[in-house]
Engineer: 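First, the structure itself, so that you have it in front of you.
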Amino acid sequence: MLVCEFYLAPRVNYGNYYHIDYGFIIKNLELGRLVMHIYHRLSSLDQGESIRIKELLDFEISIPDEDRKNELKKFIEREIFGMFDNIHTEKDLLMELKKRDHLNDIPLRVKKYFGLEDADEC
């Protein structure tokens, strides 16, 4: 069983700037010091969109509240809810992990849990 989460977190020492983290918690696997087992940060592969997301989350940049809200909603629905709509089970999550070019950002306990080949690499 999986739990999907996302939260808004301030970037310490960077002013009034935030980021949105989201990901998955595997219910059958201890978290330890982790907040989530698999996490992502709201961004985009498109450089222009990625820059815009950073601007929208920087509250020192003057953007009308309604515009900020509507644009962030668009990115959240597409990126975060889009992922959550496609991953419902541990099997779905494993399939998503196997599509990645690397698993460098996946905690060792998750790699071992899923029996991924590079679980012993550090």
Side-chain angles (χ1 to χ4, degrees):
M1 177 183 218
L2 297 173
V3 175
C4 305
E5 280 198 356
F6 72 98
Y7 60 95
L8 184 67
R11 287 190 62 191
V12 180
N13 298 328
Y14 289 99
N16 202 11
Y17 177 82
Y18 294 80
H19 55 260
I20 298 175
D21 290 334
Y22 62 100
F24 299 90
I25 296 172
I26 302 166
K27 284 291 211 175
N28 296 324
L29 183 61
E30 191 175 313
L31 273 171
R33 293 179 155 182
L34 301 172
V35 174
M36 290 179 266
H37 291 110
I38 306 296
Y39 72 94
H40 301 273
R41 180 158 291 161
L42 181 63
S43 190
S44 174
L45 294 175
D46 178 275
Q47 187 176 8
E49 286 184 351
S50 187
I51 290 169
R52 185 59 179 164
I53 290 168
K54 288 179 183 178
E55 291 172 349
L56 293 168
L57 292 170
D58 184 344
F59 289 88
E60 291 181 2
I61 295 176
S62 180
I63 299 172
D65 289 344
E66 194 64 25
D67 292 346
R68 187 183 309 268
K69 182 180 89 171
N70 289 334
E71 287 188 63
L72 279 172
K73 180 180 176 185
K74 176 185 78 171
F75 288 120
I76 289 169
E77 287 175 349
R78 187 183 76 204
E79 299 298 326
I80 299 175
F81 295 156
M83 177 175 278
F84 289 167
D85 284 345
N86 292 320
I87 299 175
H88 304 283
T89 65
E90 287 183 16
K91 183 179 178 182
D92 295 339
L93 182 58
L94 178 58
M95 299 277 285
E96 189 268 333
L97 293 176
K98 287 183 175 181
K99 292 178 192 174
R100 294 181 175 196
D101 292 336
H102 63 80
L103 298 174
N104 297 344
D105 61 339
I106 304 302
L108 184 58
R109 75 179 65 203
V110 174
K111 292 177 189 179
K112 287 182 177 180
Y113 181 79
F114 283 125
L116 297 170
E117 291 179 346
D118 63 342
D120 294 324
E121 294 179 12
C122 296

Engineer: Tell me if a side-chain donor or acceptor on R109 pairs with a main-chain N or O of L29 at a distance below 3.5 Å.
Structural biologist: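 Judged by distance alone, no pair lies under 3.5 Å.
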Engineer: Is there a side-chain contact (heavy atoms from CB on, under 4.5 Å) between R100 and D105? Walk through the geometry before answering.
Structural biologist: CA-CA 11 Å; R100 294 181 175 196; D105 61 339; 3.2 Å; yes
Engineer: Evaluate side-chain contact (heavy atoms from CB on, under 4.5 Å) for Y22 paired with M36, printing each intermediate quantity in order.
Structural biologist: CA-CA 8 Å; Y22 62 100; M36 290 179 266; 5.5 Å; no
Engineer: Could you give the distance from CD1 (I38) to CG (L94), rounded to the nearest 0.5 Å?
Structural biologist: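 Answer rounded to 0.5 Å: 9.5 Å.
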Engineer: May I ask you to test the L97-K111 pair for a side-chain heavy-atom distance under 4.5 Å?
Structural biologist: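 They are not in contact (no side-chain heavy atoms under 4.5 Å apart), so the answer is no.
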Engineer: Identify the heavy atoms of L56 and R68 that sit nearest to each other, and give their distance.
Structural biologist: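 Shortest heavy-atom separation between L56 and R68 comes out as O-NH1, 2.6 Å.
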Engineer: Do I20 and F75 come close enough that some side-chain heavy atom pair is under 4.5 Å?
Structural biologist: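 Contact flag for I20/F75 side chains = no.
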Engineer: Of all heavy-atom pairs between N16 and E60, which one has the smallest distance, and what is that distance?
Structural biologist: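 What the structure gives for the nearest pair is N-OE2, 3.1 Å.
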Engineer: Between K69 and E66, is the salt bridge (Lys or Arg N to Asp or Glu O under 4.0 Å) condition met? List the steps.
Structural biologist: CA-CA 5 Å; K69 182 180 89 171; E66 194 64 25; 3.5 Å; yes
Engineer: If hydrophobic clusters are built by linking Ile, Leu, Val, Met, Phe, Trp and Tyr wherever their side-chain heavy atoms come under 4.5 Å apart, do Y39 and L31 end up in the same one?
Structural biologist: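 Same cluster.
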Engineer: With the threshold set at 4.0 Å, does a side-chain nitrogen-carboxylate oxygen contact exist between R52 and E55?
Structural biologist: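 Yes, charged N to carboxylate O under 4.0 Å.
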Engineer: Does the side-chain contact (heavy atoms from CB on, under 4.5 Å) test come out yes or no for H40 and I80, once each step is laid out?
Structural biologist: CA-CA 9 Å; H40 301 273; I80 299 175; over 6 Å; no
Engineer: Tell me whether the count of non-hydrogen atoms from other residues, nucleotides or ligands lying under 6.0 Å of CG in D85 goes above 12.
Structural biologist: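 Count over threshold, so yes.
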Engineer: Would you say R78 and F81 make side-chain contact, with heavy atoms under 4.5 Å?
Structural biologist: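 Side-chain contact under 4.5 Å: no.
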Engineer: Please round to the nearest 0.5 Å and tell me the distance separating atom CD of E79 and atom NZ of K74.
Structural biologist: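 E79 CD to K74 NZ: 10.0 Å, rounded to 0.5 Å.
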Engineer: Give, for atom CD of E71 and atom CD1 of I63, the distance between the pair rounded to the nearest 0.5 Å.
Structural biologist: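 The distance works out to 7.0 Å.
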Engineer: When you compare the side chain of L34 with that of I25, does any pair of heavy atoms fall below 4.5 Å?
Structural biologist: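 No, every pair of side-chain atoms sits at 4.5 Å or beyond.
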Engineer: Quick one: closest heavy-atom pair of M83 and F24, and the distance?
Structural biologist: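 Taking every non-hydrogen atom into account, SD-CE1, 3.7 Å.
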Engineer: Will you find, in the side chains of Y113 and E90, an N or O donor that is under 3.5 Å from an N or O acceptor?
Structural biologist: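 The criterion, which ignores hydrogens and geometry beyond distance, is satisfied for E90 and Y113.
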Engineer: Is there side-chain contact between H37 and L93, with at least one heavy-atom pair below 4.5 Å?
Structural biologist: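 No, their side chains stay 4.5 Å or more apart.
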Engineer: Do the side chain of D92 and the main chain of T89 share a donor and acceptor less than 3.5 angstrom apart?
Structural biologist: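 Indeed, once roles are kept as given, a pair shorter than 3.5 Å links the two residues.
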Engineer: Please find the pair of heavy atoms, one from S50 and one from S44, that lie closest to each other, and give the distance.
Structural biologist: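 Heavy atoms only, the tightest pair is CB-O, 3.6 Å.
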Engineer: Check whether any side-chain heavy atom of L42 sits under 4.5 Å from a side-chain heavy atom of H19, and report yes or no.
Structural biologist: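 When only atoms from C-beta onward are counted, H19 and L42 do not touch, as no gap falls below 4.5 Å.
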